[in-house]
Participant: 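Got a structure for you, questions after.
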Amino acid sequence: IAALPALAELQLYKSPVRDEWLPPLADSESLETLVLSGNVAITDAGLLAAVAGGRLKRVAVVGTRVTAGGVAAAKERSPKTRIEWDGGVR
C-alpha cells in the first residue's frame with residue numbers, strides 16, 4: 001500500500017485476504033473505500049484493524065464473519081465510516 005500513495009479504493013472481493021493483512025491499510029492516507037465482501041476469513045478483528053486509522057469513508061464486509069458486535073465496535077472507533085455488512089448498513 002505504501003507504494004500506492006494515491007490509492008482511493010481497494011476491492012478485495014472473494015480473495016484470500018485475512019485479518020492480519022489489514023492493519024497496514026489503516027495507515028493509508030488516501031484510501032477511502034475498502035471492499036472485503038465475500039471473504040469468509042474476515043472477522044471482527046479484521047474490520048477493527050481496517051478502520052483503526054479513522055480515514056475510511058466506506059467499508060463493505062458482506063459475506064464475511066463480521067458480527068453485529070464487531071460493526072458496533074468499528075463504528076465507535078470510526079463513526080464516520082459507512083459499514084455495509086450482512087445486517088445492513090451502519
Side-chain angles (χ1 to χ4, degrees):
I1 297 301
L4 303 167
L7 182 68
E9 182 171 331
L10 181 60
Q11 295 192 23
L12 298 170
Y13 183 74
K14 288 190 176 181
S15 64
V17 70
R18 304 181 58 79
D19 287 344
E20 57 268 18
W21 299 356
L22 300 178
L25 300 179
D27 295 332
S28 173
E29 293 184 17
S30 61
L31 189 63
E32 296 179 350
T33 299
L34 178 60
V35 178
L36 299 169
S37 295
N39 294 303
V40 295
I42 299 299
T43 68
D44 295 345
L47 176 59
L48 288 171
V51 303
R55 295 182 190 97
L56 286 174
K57 292 181 180 177
R58 175 179 167 250
V59 177
V61 289
V62 176
T64 66
R65 294 187 346 213
V66 170
T67 67
V71 171
K75 286 301 282 187
E76 282 184 29
R77 185 172 288 179
S78 186
K80 294 181 181 178
T81 301
R82 174 186 169 105
I83 302 173
E84 301 166 14
W85 68 296
D86 292 331
V89 177
R90 274 208 61 200

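Note that the numbering runs from 1 along the sequence shown for the chain.
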Participant: Given side chain to side chain contact (heavy atoms under 4.5 Å, CB included), test Ile42 with Leu22 step by step and report yes or no.
Facilitator: CA-CA 9 Å; Ile42 299 299; Leu22 300 178; 3.8 Å; yes
Participant: Considering all heavy atoms of both residues, which atom of Glu84 and which atom of Arg58 are nearest to each other, and what is their separation?
Facilitator: OE2-NE, 2.7 Å
Participant: For Ala6 versus Ser30, what's the shortest heavy-atom pair and its separation?
Facilitator: C-OG, 3.6 Å
Participant: Flag yes if Ile83 and Leu12 sit in one hydrophobic cluster, no otherwise; membership is Ile, Leu, Val, Met, Phe, Trp, Tyr, and two members link when side-chain heavy atoms are under 4.5 Å apart.
Facilitator: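 Per the 4.5 Å side-chain linkage, Ile83 and Leu12 are co-clustered.
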Participant: Which heavy atom of Ser28 sits nearest a heavy atom of Leu7, and at what distance?
Facilitator: OG-O, 4.4 Å
Participant: Kindly give the heavy-atom pair with the smallest separation between Val66 and Trp85, and that separation in Å.
Facilitator: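 Result for this residue pair: O-CE3, 4.0 Å.
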Participant: Look up atom CG in Leu47 and atom CZ in Arg65, then write down how far apart they are to the nearest 0.5 Å.
Facilitator: 13.5 Å
Participant: Treat each ILVMFWY residue as a node, draw an edge where side-chain heavy atoms are under 4.5 Å apart, and state whether Leu34 and Leu4 are in one component.
Facilitator: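 Yes, same cluster.
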Participant: I need the single residue from Leu56, Leu36, Val35, Leu25 that forms a side chain to side chain contact (heavy atoms under 4.5 Å, CB included) with Leu10. Which is it?
Facilitator: Leu25
Participant: Compare every heavy atom of Thr64 with every heavy atom of Gly38, then report the nearest pair and how far apart it is.
Facilitator: N-CG2, 4.3 Å
Participant: Is the backbone of Leu48 close enough, under 3.5 Å, to the side chain of Arg77 for a donor and an acceptor to pair up by distance?
Facilitator: yes
Participant: Out of the candidates Glu9, Arg82, Gln11, only one should pair with Thr33 under the side chain to side chain contact (heavy atoms under 4.5 Å, CB included) rule; please name it.
Facilitator: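 Result: among Glu9, Arg82, Gln11, Glu9 is the only option passing the side chain to side chain contact (heavy atoms under 4.5 Å, CB included) with Thr33.
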Participant: Between Ser37 and Gly63 (side chain of the first, backbone of the second, donor and acceptor by atom type, cut-off under 3.5 Å), is there such a pair?
Facilitator: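 Judged by distance alone, no pair lies under 3.5 Å.
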Participant: What heavy-atom pair brings Val51 and Ser78 nearest, and what distance separates the two atoms?
Facilitator: O-CB, 3.7 Å
